[in-house]
Number of protein chains: 2
Amino acid sequence: MATTIRDVAHRAGVSIATVSRALRDATSVTPETRARVTQAAADLEYVPSQLGRQLAQGRHAANGIVFPDLSGPYYAEVVLGYESVAAQLDRSVLILSTHGRRDADTLVTGLAARCDGLVVLGPTVDDEVVHRLNRRGTPIVLVARTPLVDVDSVNAENNASGTLLGEHLVAAGARTILFVGDPEATADVAERFAAISAAAERDGASVTVEPVSDFSEEAGVHAARQALARRRTTKSLPDAFACANDELALGLMLGLRDAGLRVPEDAIVSGWDDVMAARYAGLTTVRQPMRDLGVHAAQLLDQLINRTRETPVHEVLPTELIVRQSTTPTAGGTTR
Amino acid sequence: MATTIRDVAHRAGVSIATVSRALRDATSVTPETRARVTQAAADLEYVPSQLGRQLAQGRHAANGIVFPDLSGPYYAEVVLGYESVAAQLDRSVLILSTHGRRDADTLVTGLAARCDGLVVLGPTVDDEVVHRLNRRGTPIVLVARTPLVDVDSVNAENNASGTLLGEHLVAAGARTILFVGDPEATADVAERFAAISAAAERDGASVTVEPVSDFSEEAGVHAARQALARRRTTKSLPDAFACANDELALGLMLGLRDAGLRVPEDAIVSGWDDVMAARYAGLTTVRQPMRDLGVHAAQLLDQLINRTRETPVHEVLPTELIVRQSTTPTAGGTTR
DNA sequence: CCGGTTTCTGTAACCGGTTACATCACCGTG
DNA sequence: CACGGTGATGTAACCGGTTACAGAAACCGG
């Protein structure tokens, strides 16, 4: 195959150990030999085999990241933040998307064997798998997942923004709020729901739940139809829809408008995440520092890999309420 | 560190060669010894070191992919398609985002040393780097890039859809069309521009160019302002804006509306890519089979790695014109 | 001019697997 | 019963680097 360190050693007239040293340490090698080795390496277009190097050093110099999907902007941004830090630390990033794969457990275990540590993002594998890897000594950081006591985690704040959102909805005129999304699904959603409903009820509104567990646009459209169907019997529609994420909210808005209802005049709608489309749809939502989630995760992971730290850390990053037309009937105009 | 193949061999009372065989080949090992080895491996919770394995086999069992960014849905989708195929082929995927890094060349070269082959996506590194790696024998597939004769490539069709789009714009009433985007920037954009303008001019419209090279939303907003500023002197605004991609188009629409103009009544707008936000903005655009680009690239790359094929292949995947409200004044209503 | 450091380089043992080849036991056949 | 053939297993060489240790050369002060 390619030229090896021995070829270079031979050409430069030195031993392989010297080549190895000359090409890495500036020190501990005479400038002359160093020059000779460098020249020989250049002549032969020598590129050190990372495989040999990694085996000798006993490290992959690579980090893994597991996520459900990259379709939405959410995980993609986290991955980008993660990658940027990893690259700085001179580590490669291995990705694994579990979306729609039943053998996710196996794949994640396989990934773990190919890197020095990994980040597990969102609903991908069971906690059981995380625990197993953790016991085995694999450095792991959880992101956007229910934290486990003995595993590092990074999450976005839900409480404060949820409270703000709840208050905002009531201030915008909501009396009956429907939370769209299953609070049982994940801890994140549970927190959002709890915060929103607590604030809204404190301010005198009533909150009910539409337990949707598939957080997609289609599910949002469907939820709208459900609510409209119920209107026939109950003669009333909720005047606000607080959705567990933006995609649900966007779908819901489509569903409402298809039925001739106007947002925000006839009903106000909020989402969560602030995806790009939310801006164009004028959707009120909560922005998460997605890229920062990735950045922090990479930093924590690096500490674990380098054994700089022993005790687990659980970070919570702040979020921000973004108010747009979908909840501001007074500001005029159907969503532009 | 962890338990090695020698520990297992010792416990099972066999040689390491036998362990190696027993754990991979079903054949060439007695069922009894096989069972004994398997048991020993299980007892010791043995996980084969991928490093050792990779070095011995002389392959990384990993593919790389280089892209500018994951922020838009475009590259993310390609990456997903790529990853899905790679996973099936039991190969890991290493990612590298070059966005805003000046040392992209070095990083890509480094990446190439860590995998068996790689895909280079969009405007990331110079052709010169690609050529160098190619000469060195690294299997490479280019995606969404100007093809090079001796390197595999996968691209989306621009001509047919561009023609359709050009015709559609004129049919929608466009007489004066402004192409927003720099045709000199990339071959892709050049093709789109050529097809659109040829068709439009054939049908009697005139086409001018606003050579924007930053394909961002902000650039779109800016382009709108430019056009509006020019209106003061020329007393006229183009009645159609054909943008090089969706983000430009979305920004442009924002810019026009901020100035009180209605889309599509006062001017029609088209994009290219069909990002998610395009749907919510009602933007007419051209949909590319992004995921398929990734899938095909992974397949081509696999052929290169396994030396199944010698001669370079250049694939062109079909695209589709998606007509929405931004170019259909008759269909009524400002974008919903 | 000598002994003791210091500095540079080479030898060889790793890292943890795979695999060519040798070995050996056992089989059926003439 | 001797012999060639077959199939299971062990031995050891490799993959391509890193690095502990040893040895040699150069340098130092007394």
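Every chain is numbered from 1 and lettered A, B, ... according to where its sequence line falls, protein lines coming before strand lines.
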Asks: Would you say A/Arg24 places a side-chain N or O within less than 4.0 Å of OP1 or OP2 belonging to D/dT19?
Replies: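 Affirmative; the distance criterion is met.
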Asks: Taking atom types as modelled, is there a side-chain donor on A/Asp188 or A/Thr186 under 3.5 Å from an acceptor on the other?
Replies: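 Note: A/Asp188 and A/Thr186 side chains miss the donor-acceptor criterion.
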Asks: How many Å lie between CD1 on A/Ile5 and C1' on D/dC14, as a whole number?
Replies: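 Those two atoms, CD1 and C1', are 16 Å apart.
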Asks: Please tell me which of the listed nucleotides, D/dT18, C/dG10, C/dT19, lies nearest to the side chain of B/Ser20?
Replies: C/dT19
Asks: Side chains of B/Asp273 and B/Gln288: any donor to acceptor distance under 3.5 Å?
Replies: yes
Asks: Taking the side chain of B/Tyr46 as heavy atoms from C-beta outward, which of C/dG17, C/dT18, D/dG16 is closest to it?
Replies: C/dG17
Asks: Separation of B/Arg59 atom CZ from C/dG16 atom C1', in whole Å?
Replies: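 Result: 16 Å.
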Asks: If I take atom CZ in residue B/Arg114 and atom C1' in nucleotide D/dG17, what distance separates them, rounded to the nearest angstrom?
Replies: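 One finds 14 Å between C1' of D/dG17 and CZ of B/Arg114, rounded.
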Asks: At under 4.0 Å between heavy atoms, what does A/Ser49 touch on the DNA or RNA strands: base, sugar-phosphate, or nothing?
Replies: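 Sugar-phosphate, no base atom in range.
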Asks: Between D/dC15 atom P and A/Gln50 atom CD, what is the distance in whole Å?
Replies: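 So the CD-P distance, A/Gln50 to D/dC15, works out to 18 Å.
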Asks: Calculate, to the nearest 0.5 Å, the distance between atoms CD1 and CG belonging to A/Ile305 and A/Leu300 respectively.
Replies: 11.0 Å
Asks: Whole-Å distance between C/dC15 C1' and B/Gln57 CD?
Replies: 16 Å
Asks: Counting heavy atoms from C-beta on, name the nucleotide in D/dT11, D/dG17, C/dG17 closest to the side chain of B/Ser15.
Replies: D/dT11
Asks: Does any donor-acceptor pair link the side chain of B/Arg53 with the base of C/dG16 at a separation under 3.5 Å?
Replies: no
Asks: From the list C/dT18, D/dA12, C/dG10, which nucleotide is the closest neighbour of the side chain of A/Arg21?
Replies: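 Between C/dT18, D/dA12, C/dG10, the one nearest the side chain of A/Arg21 would be C/dG10.
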Asks: What is the distance from NE2 of B/His60 to C1' of D/dG16, rounded to the nearest Å?
Replies: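 After rounding, the gap between these two atoms is 11 Å.
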Asks: Could you tell me how far apart A/Ile16 (CD1) and D/dG17 (C1') are, to the nearest whole angstrom?
Replies: 7 Å
Asks: Assess whether salt bridge (charged side-chain N to carboxylate O under 4.0 Å, His left out) is satisfied between A/Glu128 and A/Arg135, documenting all intermediate values.
Replies: CA-CA 11 Å; A/Glu128 195 262 313; A/Arg135 264 198 311 274; 5.2 Å; no
Asks: Within this structure, what is the CZ-to-C1' distance between B/Arg6 and D/dT11, rounded to whole angstrom?
Replies: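 Rounded to the whole Å, the gap is 12 Å.
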Asks: Atom SG in B/Cys115, atom CG in A/Leu94: separation rounded to 0.5 Å?
Replies: 10.0 Å
Asks: Looking at B/Thr124, B/Leu121, B/Val119, which hits side chain to side chain contact (heavy atoms under 4.5 Å, CB included) with B/Arg145?
Replies: B/Thr124
Asks: Mapping A/Leu55 and B/Ala56 onto DNA chain C by nearest heavy atom, which one lands closer to the 5' end?
Replies: A/Leu55
Asks: Name the closest nucleotide to the A/Val14 side chain, picking from C/dG10, C/dT18, D/dG17.
Replies: C/dG10
Asks: Please work out which residues in residues 29-36 of chain B have a non-hydrogen atom less than 4.0 Å from an atom of DNA chain C and list them by number.
Replies: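 Contacts with DNA chain C under 4.0 Å: none.
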Asks: Looking only at side-chain N and O atoms, does B/Ser20 offer a donor or acceptor that is under 3.5 Å from a partner on B/Arg24?
Replies: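 The criterion, which ignores hydrogens and geometry beyond distance, is satisfied for B/Ser20 and B/Arg24.
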